[in-house]
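Accompanying notes for the structure given below.
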Amino acid sequence: MLTRSEFAAKSTRQIVLNVVRTSAETPDDLREYLNSLPLDVLRKVVAVMYLGRGGSGRTFAGILAQPLPCYSTKVAAICKLIEKQPRLCDYLSKGLDAFDRASLDR
């Protein structure tokens, strides 16, 4: 049976994978999918994206804890993700790798 944190990590990973798949489609499909997600989930996707952009000493929890303007509303979070196209897939893939490594280290 999965612990609560293992379940949260697994569901975050699946949602990010869905964003990666959807971003390969049209911008409207991506916007529609992102709009279907609640703000707390969008914040996690943005945090994974920032994790994938790199930077020494950055952790998922640390990025998520920052009071970033793109965390305040769904529109702001969606705009932040959309504006990262066409590199969004790359950032999310690298972010997932780092996220998975960090999950294994727990």
Side-chain angles (χ1 to χ4, degrees):
M1 180 172 223
L2 293 175
T3 67
R4 187 179 202 141
S5 64
E6 289 170 334
F7 178 77
K10 192 172 193 162
S11 61
T12 298
R13 185 178 205 299
Q14 187 57 53
I15 288 167
V16 171
L17 286 172
N18 288 344
V19 172
V20 169
R21 278 189 215 104
T22 307
S23 68
E25 297 169 14
T26 69
D28 289 339
D29 290 335
L30 176 60
R31 189 178 302 277
E32 184 179 329
Y33 179 70
L34 292 173
N35 204 38
S36 74
L37 301 174
L39 179 58
D40 63 317
V41 172
L42 285 169
R43 291 180 72 224
K44 291 176 183 176
V45 174
V46 171
V48 170
M49 187 249 334
Y50 277 126
L51 190 61
R53 288 184 61 199
S56 61
R58 296 183 99 177
T59 65
F60 176 74
I63 295 168
L64 199 55
Q66 293 176 358
L68 299 173
C70 61
Y71 287 164
S72 60
T73 66
K74 281 182 70 163
V75 171
I78 291 168
C79 286
K80 180 56 68 179
L81 291 164
I82 296 287
E83 77 182 24
K84 298 305 178 191
Q85 286 287 52
R87 304 269 338 255
L88 182 61
C89 286
D90 185 44
Y91 294 150
L92 290 174
S93 296
K94 288 177 181 177
L96 272 181
D97 288 344
F99 181 78
D100 288 345
R101 282 192 307 274
S103 295
L104 292 173
D105 292 341
R106 287 188 219 169

Not counting sequence neighbours, which residues clear side-chain hydrogen bond (donor to acceptor under 3.5 Å, both in side chains) with Arg31? List them please.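 Expected list: none.
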Considering residues at least two apart in sequence or located in another chain, which fulfil the side-chain hydrogen bond (donor to acceptor under 3.5 Å, both in side chains) criterion with Asp29?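 Thr26.
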Positive for side-chain contact (heavy atoms from CB on, under 4.5 Å) with Ile78, one of Leu39, Val46, Leu30, Leu42: Leu42
Transitively linked via ILVMFWY side-chain contacts under 4.5 Å: Val75 with Met49?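 The answer is no; the residues belong to distinct hydrophobic clusters.
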With a 4.5 Å cut-off on side-chain heavy atoms, are Leu37 and Ile15 touching?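 Yes; the side chains approach each other to less than 4.5 Å.
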Under the rule for side chain to side chain contact (heavy atoms under 4.5 Å, CB included), what residues qualify as partners of Pro38, not counting sequence neighbours?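 Listed in chain order: Asp40, Val41.
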Just jot down the side chain to side chain contact (heavy atoms under 4.5 Å, CB included) partners of Cys89, sequence neighbours excluded, or say none. Val20, Ser23
Atom OG in Ser93, atom CG in Leu88: separation rounded to 0.5 Å?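 Atom-to-atom, Ser93:OG and Leu88:CG are 9.0 Å apart.
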Who are the salt bridge (Lys or Arg N to Asp or Glu O under 4.0 Å) partners of Arg87, not counting sequence neighbours? Asp90
With a 3.5 Å cut-off and sequence neighbours excluded, list the donor-acceptor pairs that the side chains of residues 61-73 form with protein atoms.
from: Tyr71; atom 1: OH; to: Ile63; atom 2: O; distance (Å): 3.3
from: Ser72; atom 1: OG; to: Pro69; atom 2: O; distance (Å): 2.8
from: Thr73; atom 1: OG1; to: Ala76; atom 2: N; distance (Å): 3.0

What residue pairs, at least two apart or across chains, pass salt bridge (charged side-chain N to carboxylate O under 4.0 Å, His left out) with a residue in residues 59-84? Lys80-Glu83
Within 6.0 Å of CD in Glu32, more than 12 heavy atoms from elsewhere: no
Quick check: closest heavy atoms across Leu92 and Val48, and the distance to 0.1 Å? O-CG1, 3.9 Å
